[in-house]
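What follows is a short report on a single structure.
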2 protein chains.
Amino acid sequence: MNIVEISKVLANQTRVNILKWLKNPEANFPPHQEIDHFDDGVCVGFIQDKTGLSQSTISTYLNSMQNANLVIPTRHGKWTYYRRNEEVIQAYFKALKEEL
Amino acid sequence: MNIVEISKVLANQTRVNILKWLKNPEANFPPHQEIDHFDDGVCVGFIQDKTGLSQSTISTYLNSMQNANLVIPTRHGKWTYYRRNEEVIQAYFKALKEEL
DNA sequence: TCCACATATCTATATTTTTAGATATGTAAA
DNA sequence: TTTACATATCTAAAAATATAGATATGTGGA
């Protein structure tokens with residue numbers, strides 16, 4: 001558990017917002033075309049629309065979040081869905097509380 | 001409680017180290033000349049020595065940590081002592097757990 | 001196979017952060 | 001009231017991050 005690496009991800013409001021939104025996809029995103037649930041998370045396009053930033057920026061952000069193990073990608077056909085990695089997020093809270 | 005602002009402070013290993021060291025000053029710093037306790041924390045010079053970074057850099061770091069309310073400065077004569085602001089640190093943990 | 005679409009990666013620029021040297025300020029002691 | 005010391009602030013350069021346009025890659029359908 002690398003506190004600094006994860007803190008870097010959280011040091012940006014958009015990335016924090018993405019994590020918050022993914023906590024409750026039903027409330028924050030429209031339904032997907034080919035899937036009627038959010039079990040694997042939300043596709044990149046929806047996240048991009050909600051942030052208003054460019055496609056490449058969001059892809060970069062999601063990549064950095066994935067490198068820190070905060071999100072998990074799943075490919076479904078043309079789309080990549082991202083969901084929170086709750087285990088790592090909880091482990092981060094625990095590490096902060098214990099180490100910091 | 002601004003998650004992003006505090007995360008920016010924690011997005012640097014030296015600043016995280018300083019917070020960790022200040023948790024247990026007796027174990028991490030030599031005793032002060034004019035005071036025989038760490039109730040108000042540790043003077044800037046000791047922190048600088050332990051990090052190996054320049055005086056201006058450490059002063060800048062401590063200033064950013066103070067702006068985020070993570071540490072509290074106290075002046076004693078020529079020295080400024082810094083200690084952790086446990087209330088804000090705990091509030092940050094709580095905010096992360098609830099909001100993130 | 002060719003095309004359209006979703007996403008990832010590459011490239012480049014703007015902004016922010018890191019870092020230290022120089023200088024300023026505040027304090028205590030001579 | 002000058003001097004020495006501890007710390008803060010200013011200035012500037014290097015490094016990292018943010019951001020987007022262009023291009024590449026992977027996928028499903030015509």
Side-chain angles (χ1 to χ4, degrees), chain A residues 2 4-19 22 25 29-35 38 40-68 70-83, chain B residues 2 4-19 22 25 29-35 38 40-68 70-83:
Chain A
N2 188 331
V4 171
E5 186 194 13
I6 292 187
S7 295
K8 282 185 183 178
V9 170
L10 302 183
N12 174 287
Q13 190 63 61
T14 298
R15 290 189 297 258
V16 168
N17 287 342
I18 291 171
L19 280 175
L22 290 181
F29 298 97
H32 288 124
Q33 294 185 329
E34 311 200 346
I35 303 187
F38 290 100
D40 288 325
V42 178
C43 69
V44 177
F46 284 0
I47 297 171
Q48 186 202 329
D49 289 347
K50 200 163 172 82
T51 61
L53 294 175
S54 75
Q55 185 268 324
S56 68
T57 297
I58 295 306
S59 187
T60 301
Y61 280 6
L62 289 169
N63 185 256
S64 73
M65 295 164 79
Q66 181 191 339
N67 285 338
L70 289 170
V71 294
I72 298 168
T74 307
R75 186 105 197 196
H76 280 268
K78 289 192 290 186
W79 296 274
T80 307
Y81 296 70
Y82 283 89
R83 69 180 190 276
Chain B
N2 187 333
V4 171
E5 186 195 13
I6 293 188
S7 295
K8 282 185 183 179
V9 171
L10 302 183
N12 175 288
Q13 189 64 59
T14 298
R15 290 189 298 259
V16 168
N17 287 343
I18 291 172
L19 281 176
L22 290 181
F29 299 98
H32 288 122
Q33 294 186 330
E34 311 199 346
I35 302 186
F38 290 101
D40 288 327
V42 179
C43 71
V44 177
F46 284 181
I47 296 171
Q48 185 204 327
D49 289 346
K50 200 163 172 80
T51 60
L53 295 175
S54 75
Q55 184 269 323
S56 69
T57 297
I58 294 307
S59 188
T60 301
Y61 279 6
L62 288 169
N63 185 256
S64 73
M65 294 165 80
Q66 180 189 340
N67 284 338
L70 289 170
V71 295
I72 299 170
T74 307
R75 186 103 196 196
H76 281 267
K78 289 191 290 186
W79 296 273
T80 308
Y81 296 70
Y82 284 88
R83 70 179 188 277

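Order of the sequence lines fixes the chain letters, A, B, ..., with proteins taken first and strands second; residue numbering starts at 1 for each chain.
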query = Counting only N and O atoms by type, is there a donor-acceptor contact under 3.5 Å from the side chain of N63(A) to the main-chain atoms of S59(A)?
reply = no

note = Whole-Å distance, L10(B) CG to dT17(C) P, equals 14 Å

message = Rounded to whole Å, how long is the line connecting atom NE2 of H32(B) with atom P of dC5(D)?
response = 18 Å

query = Does the dA8(C) base have a donor-acceptor partner in the side chain of Q55(A) within less than 3.5 Å?
reply = yes

query = Which is true for I58(A) with a 4.0 Å heavy-atom rule: it touches a base, it touches only sugar-phosphate, or it touches nothing?
reply = nothing

message = What's the closest nucleotide to the side chain of T80(B) if the choices are dT7(D), dT18(C), dA18(D)?
response = dT7(D)

message = Restricting to non-hydrogen atoms, name the atom on F29(A) and the atom on F38(A) that form the minimum distance, rounded to 0.1 Å.
response = O-CZ, 4.0 Å

request  = Whole angstrom is fine here: how far is it from CD in E5(B) over to C1' in dT17(C)?
outcome  = 15 Å

task = Measure the distance from OH on Y82(A) to P on dT7(C) and round it to the nearest whole Å.
result = 9 Å

Side-chain heavy-atom pair W79(A), Q33(A) within 4.5 angstrom cut-off = yes

ask   = So which nucleotide from dA20(C), dG21(D), dT7(C) ends up closest to the side chain of S59(A)?
value = dT7(C)

Closest listed nucleotide, where the reference is the side chain of N63(B) and the choices are dA20(C), dA6(D), dT9(D) = dT9(D)

task = Would you check, one step at a time, whether the test side chain to side chain contact (heavy atoms under 4.5 Å, CB included) holds for N67(A) with V9(A)?
result = CA-CA 10 Å; N67(A) 285 338; V9(A) 170; over 6 Å; no

remark   = I18(A) CD1 to dA18(D) P, in whole Å, measures 12 Å

ask   = OP1 or OP2 of dA18(D) less than 4.0 angstrom from a side-chain nitrogen or oxygen of N12(A), does that happen here?
value = yes

note = Separation of dA29(C) atom P from Q33(B) atom CD, nearest Å, is 11 Å

message = Quick check: on DNA chain D, is the nucleotide nearest R15(A) upstream (toward 5') of the one nearest H76(A), or the reverse? Name the residue that is more 5'.
response = R15(A)

note = K78(A) has its side chain closest, among dT9(D), dA8(D), dC5(C), to dC5(C)

message = Tell me the interatomic distance from R75(A), atom CZ, to dT7(C), atom P, rounded to whole angstroms.
response = 8 Å

Mutual orientation of the aromatic rings belonging to F46(B) and H32(B) [parallel < 30°, tilted 30-60°, perpendicular > 60°] = parallel

request  = Please report, rounded to the nearest Å, how far the P atom of dG21(C) is from the CG atom of L53(B).
outcome  = 11 Å

note = With the side chain defined as heavy atoms from C-beta on, S56(A) is closest, among dC10(C), dT7(C), dA8(D), to dC10(C)

key: Candidate nucleotides dA20(D), dT9(D), dT7(C), ranked by approach to the side chain of C43(A) - the nearest   = dT7(C)

query = Considering only heavy atoms and no angle criterion, is a donor-acceptor pair shorter than 3.5 Å present between the side chain of T57(A) and the base of dA18(D)?
reply = no

query = What is the nucleic acid contact for L62(A), judged by heavy atoms within less than 4.0 Å: base, sugar-phosphate only, or nothing?
reply = nothing

